[in-house]
Amino acid sequence: MGISYFNTLTRTVEPFQPLDTEGRRVSLYTCGPTVYNHAHIGNFRAYVFEDLLQRHLEFRGYAVNRVMNLTDVDDKTIRGCRAAGVPLAEFTQPFKKAFFEDLETLRIKKPQHFPEATAANHIERMITMISTLIERGHAYQAEDGSVYFRIRSFPTYGALAHLNLDELRPSGRVASDEYEKENIGDFALWKTWTEADGDVGWDSPWGRGRPGWHIECSAMATGILGPEIDIHCGGEDNIFPHHEAEIAQSECVTGRRFVRLWMHCKHLLVDNQKMSKSLGNFYTLRDLLGKGWTGREVRYVLLSVKYREPLNFTFDGLAAARTALHRLDEWSRRLDEGAGPSAEPLPEDLGLERFGAALDDDLNVSAALGAVFETIRETNKRLDAGTLSPGQIRSLANWRDSIHTVLRLEPEETPIPAEVQSLLDARAAARAAKNWAESDRLREAITALGWTVKDTKEGQKVSPAT
RNA sequence: GGCGGGGUAGCCAAGUGGUAAGGCCGGGCUCUGCAAAAGCCCCAUGCGUCGGUUCGAUUCCGUCCCCCGCCUCCA
């Protein structure tokens, strides 16, 4: 059975069929952050979903070539740099750096390409694309100097979002000063320079200005991955207008089908409400780390719900994630302790294939995790009963390693400090001599150093105090 | 107004036209110098409401009630 994913365009789960059927290569474009502040956990839900997608494809033997763009020029970044009184690049740089750190914290695999919208070659490509669109009648320069895409020239505009453009309700978010446009729905390809832009701007055939948001992605996507892309992802709010616009621009330039498969993840809610600063339920990853939660725990929460379902983020959920991970860790430790050097075949009734099968079914990670925990319970029973050989335990450990190439939920490796280790050695000796008073004293000494020691059947076990 | 998603045990969350995965919490047992941990077992006659189709519905159809998202630069 092959892989199937839900396609936003067709609204059906379809068998996955990349352009390159023989080479097993997949091109993946994912909309990245606008670097005007620290990304919040809602943003990271999308990036974790995309990470799961990439790792699942790799688990199934595909080589994924992924692009994640960085939007480093737009209204917010310009506003930010002007408020800070620094050049644009200087303003966005720390947020770019922070973003990469956050990706690492969440164990998100780094895409091969991180194009920046302001890079000279990309700006150049955007200008070229806009010129082509104007030549072909898909775009026009309005009285205000800006260049707009003529949506009437692209009959399928609205197909991705399944919007009937004639029935659109005017919303308050449409800037009232955009009366120069032929159609209210025409979107900016090139925004002419205004006072508010300060020293941000590039020269173009249409005067000084800056690119619109949508053309950035079209230029970087087709520039790096070519005219046809296998998968394009983003948050559900990107469907319209952003991805709709990308399709229109790209296809009018290349004459090819821009994207074969569109995948979007649902929003994250906090306490069943949309995250917002005014509600006090707005969190960046850094906020959570500051509260003592780990990147792995946050990853678990963001990962554990199917991407097409709304995810309700709560601190109870984070606490549940911590305990669940602990169960995973204990099982993992038992495997390492019991594993022999060479693998032996496992009993077939463990159903290990269910993990991959669940993911093949439109990334049903909840079912996949359910299968993992069922395996944990079943193998724990057999470990208790001693019915697994060291070679079979090795096979289970290998299986565990393989699922972690997708889940990336393995424990943090925290080396035991020498000071703690010497106390542990002394305590082991005291316990062997049944000197309980000394044992308790040493336990307290270890606790004072920030570690927790527990006495198990296999001896002392130490872990960092949480 | 248009389009779409969701309501499953105390919490989170899979799933199926044939009688409810998994995680957390809770209870029990085992192990145990103490403390703790861990492992195992138990924990929804029920799947928002009211109807319909069916031998049989949580699953299909319709009604109604809630919650959430998009509708022109928010992941």
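A note on names: the letters A, B, ... follow the listed sequences, proteins ahead of strands, and every chain is numbered from 1.
Among the candidates A:R431, A:K434, A:Q460, the single residue satisfying the side-chain hydrogen bond (donor to acceptor under 3.5 Å, both in side chains) test with A:S439 is A:R431. Checked options A:D336, A:L328, A:V372; the residue passing with A:R400 is A:D336 (criterion: side-chain contact (heavy atoms from CB on, under 4.5 Å)). Each of A:R107, A:R299, A:H56 was compared with A:D51 under the side-chain hydrogen bond (donor to acceptor under 3.5 Å, both in side chains) criterion, and only A:R299 meets it.
A perpendicular orientation is assigned to the rings of A:F282 and A:H40, their planes being inclined by more than 60° (bins at 30° and 60°). Between A:F187 and A:F149, the ring planes are parallel. Angles under 30° get that label, and only those over 60° would be called perpendicular.
In this structure, of B:C68, B:C73, B:C24, it is B:C68 that holds the atom nearest to the side chain of A:L269. When the nucleotides B:C73, B:A75, B:C34 are ranked by their closest atom to the side chain of A:R45, B:A75 comes out on top. The side chain of A:T323 lies closest to B:C25, out of B:A75, B:C25, B:G33. Closest to the side chain of A:E374, out of B:C24, B:G22, B:C74, is B:G22. If you check B:U72, B:C70, B:G23 against the side chain of A:P241, the one that comes closest is B:U72. Comparing B:G39, B:U72, B:A36 by their nearest atom to the side chain of A:K454 picks out B:A36. Counting only heavy atoms from C-beta on, A:R377 has its side chain closest to B:G22 among B:G22, B:C34, B:G39.
Taking atom C1' on both nucleotides, B:G15 is separated from B:C34 by 46 Å, rounded to a whole Å. To the nearest whole angstrom, the two C1' atoms, one in B:U49 and one in B:C42, are 32 Å apart. Taking atom P on both B:U32 and B:G17, the two are 49 Å apart, rounded to the nearest angstrom. As rounded to the nearest Å, B:C55 and B:C71 have C1' atoms that lie 46 Å from one another. Remark: the separation of the P atoms in B:A44 and B:A9 is 12 Å, to the nearest Å. B:U19 and B:A75 have their P atoms separated by 45 Å, with the value rounded to a whole Å. Atom C1' of B:C47 sits at a distance of 12 Å from the matching atom of B:A14, rounded to the whole Å. Comparing B:G28 with B:C70, their C1' atoms are spaced 50 Å from each other, to the whole Å.
One atom, CG of A:L160, and another, P of B:G4, lie 14 Å apart when rounded to the nearest Å. We find that NZ of A:K434 is positioned 11 Å from P of B:U32, with the value rounded to whole Å. One can place CH2 of A:W436 at 5 Å from C1' of B:G33, the figure rounded to the nearest angstrom.
Residues passing the side chain to side chain contact (heavy atoms under 4.5 Å, CB included) test with A:Q421 are A:I416, A:L424, A:D425, sequence neighbours excluded. For the side chain to side chain contact (heavy atoms under 4.5 Å, CB included) test, residues two or more places apart in sequence or in another chain that qualify with A:W206 are A:I127, A:I130, A:S131, A:I134, A:Q141, A:V147, A:W190, A:S204. With sequence neighbours excluded, the residues that form a side chain to side chain contact (heavy atoms under 4.5 Å, CB included) with A:T71 are A:T34, A:N69, A:D74, A:W213, A:E216.
Here the CH2-CG distance, from A:W293 to A:L318, works out to 4.5 Å after rounding to the nearest 0.5 Å.
Under 4.0 Å is where a charged nitrogen must lie from a carboxylate oxygen, and between A:R443 and A:D440 at least one such pair does. A salt bridge does not link A:R334 with A:E330: every distance from a Lys NZ or Arg NE/NH1/NH2 to an Asp or Glu carboxylate oxygen is 4.0 Å or more. Ion pair A:E50/A:R66 flagged as a salt bridge, since at least one NZ, NE, NH1 or NH2 atom sits closer than 4.0 Å to an Asp/Glu carboxylate oxygen.
Residue A:N238 has no polar side-chain atom (N or O) positioned under 4.0 Å from OP1 or OP2 of B:C74. At the phosphate of B:G15, OP1 or OP2 sits under 4.0 Å from a side-chain N or O atom of A:N364. Checking the phosphate oxygens (OP1, OP2) of B:C73, no side-chain nitrogen or oxygen of A:K76 falls inside 4.0 Å. Contact check, A:R334 against B:G39: no side-chain N or O comes under 4.0 Å of OP1 or OP2. Under 4.0 angstrom from either OP1 or OP2 of B:G5 there lies no side-chain N or O belonging to A:R308. Between A:R327 and B:G39, a side-chain N or O to OP1/OP2 separation shorter than 4.0 Å is present. Contact check, A:H326 against B:A38: a side-chain N or O comes under 4.0 Å of OP1 or OP2. OP1 or OP2 of B:C34 has not a single side-chain nitrogen or oxygen of A:R427 nearer than 4.0 Å.
Nucleic acid contact for A:H264: none, since no nucleic acid atom lies under 4.0 Å from a heavy atom of the residue. Contacts of A:H242 with the nucleic acid, taken as non-hydrogen atoms under 4.0 Å apart, are absent. Within 4.0 Å (heavy atoms only), A:T71 reaches no atom of the nucleic acid at all. Counting non-hydrogen atoms under 4.0 angstrom, A:G185 reaches a base of the nucleic acid. Residue-level contact check: A:R11 touches the backbone only, with heavy atoms under 4.0 Å from sugar-phosphate atoms and none from bases. As judged by a 4.0 angstrom heavy-atom cut-off over every strand, A:R431 is placed among the base-contacting residues. Residue-level contact check: A:I239 touches neither bases nor backbone, having no heavy atom under 4.0 Å from any strand. Heavy atoms of A:F373 sit under 4.0 angstrom from primed sugar atoms or phosphate atoms, though from no base atom. As judged by a 4.0 angstrom heavy-atom cut-off over every strand, A:D74 is placed among residues making no nucleic acid contact.
Heavy-atom nearest nucleotides on RNA chain B were determined for A:G42 and for A:A367, and the one closer to the 5' end corresponds to A:A367. Positionally, the nearest nucleotide of RNA chain B for A:Y300 lies more toward the 5' end than for the other of A:F187 and A:Y300.
With a 3.5 Å ceiling on both atom-pair distances, B:U59 lacks any Watson-Crick or G-U wobble partner. Across all strands shown, B:C70 forms a Watson-Crick or G-U wobble pair, both distances under 3.5 Å, with B:G2. Judged by Watson-Crick or G-U wobble contacts below 3.5 Å, the nucleotide B:C40 has B:G28 as its partner.
A donor and an acceptor atom never sit less than 3.5 Å apart when one is taken from the side chain of A:D361 and the other from the base of B:G15. If you check distances only, the side chain of A:K266 never reaches the base of B:C70 with a donor-acceptor pair under 3.5 Å.
Among residues at least two apart or in separate chains, side-chain hydrogen bond (donor to acceptor under 3.5 Å, both in side chains) pairs with a member in residues 301-311 of chain A are A:Y307-A:D362, A:R308-A:D362.
Contacts with RNA chain B (heavy atom under 4.0 Å) in residues 105-114 of chain A: none are found.
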Please evaluate residues A:I393 and A:L383 with respect to the criterion side-chain contact (heavy atoms from CB on, under 4.5 Å), reporting the C-alpha separation (whole Å), side-chain torsions for both, the decisive distance (0.1 Å), and the verdict.
CA-CA 9 Å; A:I393 298 173; A:L383 288 166; 3.6 Å; yes

For nucleotides 9-13 of chain B, give me every protein contact, N/O to N/O, under 3.5 Å, one pair per line with atom names.
none

